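The residues of the chain are indexed from 1 along the displayed sequence. Nothing here was measured: the structure is a model prediction, and the numbers come from that model. In each ligand, atom 1 is the first atom listed, and ligand 1 is the first ligand listed. Atoms considered below: every heavy atom in the structure, side chains included; atoms not considered: hydrogens, waters and symmetry mates.
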Amino acid sequence: MTTPPADLLPLAVDIAREAGALAYARRRAGVSIAATKSAVADIVTDADREVETLIRQRLDAARPGDGFLGEESGGGESTTGITWVVDPIDGTVNYAFGIPIYAVSIAAVAGEPVPGEWTALVGVVYNPVTDELFHAVRGEGAWLGEQRLAVTREAPAGALLATGFGYDPATHAGDLARVAKVMPIARDLRRMGSASLDLASVAAGRLDGYFERGLNPWDHAAGALLVEEAGGRVGGIGGGPVGRAMTIAAGPAVFERLVSIITE
Ligand code: IPD
Ligand code: CA
């Protein structure tokens, strides 16, 4: 029998809180960079690995047949059709530099654990510094604690937008050219450094829209469900599926404008 999505939420929330508390404690004790990954700027701390290990152990203990796709420890096959897509610390550069904008991101997805093919069931994004926990269950809305979230509905004179830049310097010229194309519709632009919190902010109506090239599945799995459950849209180039090529998230009107500007 398949698991109702809402049944997965308490587990995701409990683990996100425990993982966030661990990340927060390690940050207070002092953090140093353990290694670089895809590029010199792409770093990992011991805390990223320790927090992912904790999340993976908790999920394995509670739901041994589920799959796992995590930033730091890779994948594990699913026998239940459900896979957990996890970023233990989204915003690692902020975390390492002491900027208090980072989150634990945990999603449960059904089907192939490939963006655009999966169906997201549950998403939790938790910032332990602000103690804000965003959650969504498919079909049951997006929430910040007891408060139901809604994306901005009108296309304002100027949209408050956010973006991000990948770690590979070779992609920066293209990213900046895209920013130049988008700026005419922007009130202002934020680069907060945590894709999951950018998406949660769109869901909460704190941002009118967000776009970024180069995201990995764990960066957007939970946040995209938050946006959709808050009445927004998430897509890629031409409004097609999200992928590494592009992630665009916004309320319906700003989404259309961003898709058209970014795709042209
Ligand atoms: C990164 C953050 C950042 C985004 C990068 C991501 P990480 O995730 O979400 O905001 O611009 O593309 O890789 O490395 O901190 O988990
Ligand atoms: Ca990360």
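- Aromatic ring orientation, Y102 versus Y95: perpendicular (interplanar angle above 60°, classes split at 30° and 60°).
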Working for side chain to side chain contact (heavy atoms under 4.5 Å, CB included), residues E256 and I261: CA-CA 9 Å; E256 293 293 348; I261 292 168; over 6 Å; no
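- Heavy-atom proximity to atom 7 (P) of ligand 1, evaluated over Y102, W218, Y95, Y167, is greatest for Y167.
- The N, O or S atom of D87 with the smallest distance to the Ca ion (ligand 2) is OD1.
- Set against the non-hydrogen atoms of A195, the atoms of ligand 1 under 4.0 Å away are 2 (C), 9 (O), 10 (O).
- With a cut-off of 3.0 Å, the Ca ion (ligand 2) has an N, O or S atom of I89 in range.
- For the residue pair S105/D90, the side-chain donor-acceptor check at 3.5 Å is not satisfied.
- Checked by atom type and distance alone, the side chain of K181 pairs as donor or acceptor with a backbone atom of E264 at under 3.5 Å.
- Nearest protein heavy-atom contact of atom 11 (O) of ligand 1 is E212 OE2, 2.5 Å.
- Atoms of ligand 1 lying under 4.0 Å from at least one heavy atom of G193, given by number and element, are 2 (C), 3 (C), 10 (O).
- Residue contacts with ligand 1 for R191 involve side-chain atoms from C-beta outward but no N, CA, C or O (heavy atoms, distance under 4.0 Å).
- Residue-level proximity to ligand 1 for D87 is carried by the side chain, the only part with a heavy atom below 4.0 angstrom.
- Looking at S194 against ligand 1, only its backbone comes within 4.0 Å, counting heavy atoms.
- Contact analysis leaves G166 out of contact with ligand 1, as no non-hydrogen atom separation drops below 4.0 angstrom.
- Within E71, the N, O or S atom at minimum distance from the Ca ion (ligand 2) carries the name OE1.
- Contacts between T92 and ligand 1 below 4.0 angstrom, taking non-hydrogen atoms only, involve backbone and side chain alike.
- Under 3.5 Å, the side chains of D48 and T45 contain a donor-acceptor pair of N or O atoms.
- Counting the atoms of ligand 1 from 1 in the order shown, those under 4.0 Å from a heavy atom of L215 are 12 (O).
- Considering backbone and side-chain N/O atoms, G164 never comes within less than 3.5 Å of an N/O atom of ligand 1.
- The side-chain heavy atoms of W84 and L69, taken from C-beta on, include no pair separated by under 4.5 Å.
- Paired with I106 under the rule side-chain contact (heavy atoms from CB on, under 4.5 Å), one option of I55, L8, V125, D87 passes, and it is I55.
- Near G91, meaning under 4.0 Å from any of its heavy atoms, are these atoms of ligand 1: 7 (P), 15 (O), 16 (O).
- With a heavy-atom cut-off of 4.0 Å, N94 does not touch ligand 1 at all.
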The test is salt bridge (charged side-chain N to carboxylate O under 4.0 Å, His left out); show your working for D175 and R178 and say whether it passes. CA-CA 5 Å; D175 293 341; R178 191 174 308 107; 3.1 Å; yes
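- Residues Y126 and D131 have side chains that bring a donor and an acceptor to within less than 3.5 angstrom of each other.
- Here is the list of ligand 1 atoms found below 4.0 Å of a heavy atom in I89: 16 (O).
- For atom 9 (O) of ligand 1, the nearest protein heavy atom (residue, atom name, distance) is D90 OD1, 2.7 Å.
- Contact of the V202 side chain with the V151 side chain is registered, since non-hydrogen atoms from C-beta on lie closer than 4.5 Å.
- Under a hydrophobic-cluster definition in which Ile, Leu, Val, Met, Phe, Trp and Tyr are linked whenever side-chain heavy atoms come within less than 4.5 Å, directly or via other members, L54 and I15 are assigned to the same cluster.
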